[in-house]
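Because only heavy atoms are used, hydrogens play no part in the values below, and waters and symmetry mates are left out as well, while side chains stay in. So you know, we letter chains A, B, ... as the sequences are listed, proteins then strands, and number each from 1. As the structure is a computational prediction, the values presented were derived from the model and not from experiment.
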Number of protein chains: 2
Amino acid sequence: MARRISERADLLPVLGEIFRDHGFEAASLSVIGARTGLGKGSLYHFFPGGKEEMAKAVLDEIDRWFENEVFRPLREGGNAAADIEAMLVAVDGYFRSGHRICLVGALALADSRERFAAQIAGYFAAWQEALAGALARAGRADPDGLAEEVLALIQGGLVLARARDEADIFTRLLARLLARLRLKLRPASH
Amino acid sequence: MARRISERADLLPVLGEIFRDHGFEAASLSVIGARTGLGKGSLYHFFPGGKEEMAKAVLDEIDRWFENEVFRPLREGGNAAADIEAMLVAVDGYFRSGHRICLVGALALADSRERFAAQIAGYFAAWQEALAGALARAGRADPDGLAEEVLALIQGGLVLARARDEADIFTRLLARLLARLRLKLRPASH
DNA sequence: GTCTATAGAGTGATAGAC
DNA sequence: GTCTATCACTCTATAGAC
């Protein structure tokens, strides 16, 4: 049988996990073939540009997901405090409470960084801008600086959780962050 | 001439920069040979265990540097607030104000993580413990949680600075952190 | 016949070990 | 420098859907 109904879009989540597990360089075509169940012929059929095209497609899909689930709600939401809290919940879910790393952040530190520099920079820029807007609506001073801090905490939390093999670190950091943002947003509560 | 005054210890800083630039997997022996000026024979003379031994030696040297310059001063210092401030100054210098990434953090996110898991975890554990001790001496509540947050901010700041190719992000985050810690340490100043 | 999805032998280059 | 393994990738071939 030659046809086994594969679609390019269905491959992206699997490819994402492969790149998260191995990084770009170490994700060999044999590993990709084994985990997708596809031969080189199929892989090059869907991604004529090879590994680089695969990674770019994965980054695009990540960007699309965050745009829909995180960035746009932050921009268009009504209650800024609730929107920021919803963002933290979505982030906790996406990163599986610290068990999953951020592929974008990992690529930023890797050798292959320059190949994907535009997509990497764009992802964080969009996130920071959307979050800073919500923080501004919530009346926070220096929303850009605070948004930068929140993103750094999330990325650093993922690094620490993986480094110490202790996903709870990420959960604790998100909880602290939530408490800190809440406290300032509702100063009457204490 | 067979001898050209190379010592194993002199190679470690160069190897560190190579691994920071390329990561472990992508730092090929030919790259290492080119940048150290040594042939494969010499490299295997100094590091019979190959690349893995090189990286472990680099991690050991990093650990030694932080132990002397960061961890021990935090543990043995007198004025806790001054010690923490000195730590941030040392960290800013070590990471070249955001121009240099943290090799330990980068390895934690990479495919080769398991090979160096013990050294990676130990580095962050020692840092957090030393910092939490100083924060406790300074009278801070939840010193462990706060130390975790400081480490995450540093690591995340390095990720963001590299991702957006904007080292100033790291400098700004350190400045915010310093201000936040100072404010709480000397509540009488405002 | 044409188009799409598949499989995999075979390419040259390069890897790390020694 | 030698060695073997593996890399990303090319190419040919094939099976079914239209």
Side-chain angles (χ1 to χ4, degrees), chain A residues 1-61 103 106-107 110-117 119, chain B residues 1-4 6 8 11-12 14-60 103 106-107 110-117 119:
Chain A
M1 70 175 82
R3 281 188 149 234
R4 228 200 306 164
I5 46 147
S6 277
E7 281 193 42
R8 199 182 124 115
D10 296 333
L11 289 173
L12 297 181
V14 187
L15 290 173
E17 291 310 314
I18 296 170
F19 287 130
R20 261 180 275 266
D21 287 348
H22 299 284
F24 179 73
E25 321 278 352
S28 70
L29 278 188
S30 58
V31 164
I32 295 172
R35 287 185 52 174
T36 58
L38 293 175
K40 295 173 197 170
S42 302
L43 293 171
Y44 275 89
H45 169 68
F46 291 119
F47 305 96
K51 267 173 57 170
E52 180 161 341
E53 188 177 339
M54 295 179 203
K56 282 186 173 165
V58 168
L59 287 175
D60 276 342
E61 205 221 19
L103 177 59
L107 285 178
D111 192 38
S112 39
R113 178 190 149 262
E114 297 198 13
R115 272 199 245 217
F116 313 111
Q119 285 172 289
Chain B
M1 60 172 96
R3 283 188 148 235
R4 226 198 310 168
S6 275
R8 202 183 122 115
L11 289 172
L12 297 181
V14 188
L15 291 174
E17 290 311 314
I18 296 170
F19 287 129
R20 262 180 275 266
D21 287 349
H22 298 284
F24 179 74
E25 321 279 351
S28 70
L29 279 187
S30 59
V31 165
I32 295 172
R35 287 184 53 174
T36 57
L38 294 176
K40 296 176 191 174
S42 303
L43 292 171
Y44 272 87
H45 169 68
F46 290 120
F47 305 95
K51 266 172 60 170
E52 180 161 339
E53 187 177 340
M54 296 180 202
K56 283 186 173 164
V58 168
L59 287 175
D60 276 342
L103 177 59
L107 285 178
D111 192 37
S112 38
R113 177 191 150 263
E114 297 198 13
R115 271 200 246 218
F116 312 112
Q119 285 173 290

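Side-chain proximity of B/Lys40 to the nucleotides C/dA17, C/dT6, D/dT10 is greatest for C/dA17. For A/Ser42, the listed nucleotide lying nearest its side chain is C/dA7; candidates were C/dA7, D/dC9, C/dG16. Distances from the side chain of A/Lys51 to the nucleotides C/dA5, C/dA17, D/dC9 place D/dC9 closest.
With sequence neighbours excluded, the residues forming a ring-ring contact (aromatic ring centres under 6.0 Å, His included) with B/Phe24 are B/Phe19, B/Phe116, listed by chain and number.
Rounded to whole Å, the distance from CZ on B/Phe46 to P on C/dG16 is 19 Å. If you measure from atom CD of A/Glu52 to atom C1' of D/dC7, you get 16 Å, rounded to the nearest angstrom. Atom C1' of nucleotide D/dA8 and atom CE of A/Met54 are separated by 10 Å, given to the nearest angstrom. Remark: P of C/dA15 and CZ of B/Phe24 are 14 Å apart, rounded to the nearest angstrom. Atom CD of A/Glu25 and atom P of C/dA15 are 12 Å apart (whole Å). Between the CG atom of A/Leu43 and the P atom of D/dC11 there is a distance of 17 Å, rounded to whole Å. Look at CG on B/Leu29: it is 18 Å from P on D/dA5, rounded to the nearest Å.
Salt bridge present: A/Arg20 and A/Glu17 bring a charged side-chain N and a carboxylate O closer than 4.0 Å. Electrostatic pairing of A/Lys51 and A/Glu25 does not count as a salt bridge here, judged by no charged N lying under 4.0 Å from a carboxylate O. Ion pairing of A/Arg8 with A/Glu53 is present here, as a side-chain N (NZ or NE/NH1/NH2) and a carboxylate O approach within less than 4.0 Å.
The phosphate of C/dA17 (OP1 or OP2) has a side-chain N or O of B/Tyr44 nearer than 4.0 angstrom. Checking the phosphate oxygens (OP1, OP2) of D/dC7, a side-chain nitrogen or oxygen of A/Ser30 falls inside 4.0 Å. A sub-4.0 Å separation between OP1 or OP2 of C/dT4 and a side-chain N or O of A/His45 is absent. Phosphate contact (OP1/OP2 of D/dT6, side-chain N/O of A/Ser28, threshold under 4.0 Å): absent.
In terms of heavy-atom proximity, A/Ala26 sits nearest to B/Asp111 at CB-OD2, 3.5 Å.
Among the atoms of the strands shown, none is found under 4.0 Å from any heavy atom of A/Ala26. Using a 4.0 Å heavy-atom distance criterion, A/Gly41 is classed as a base contact.
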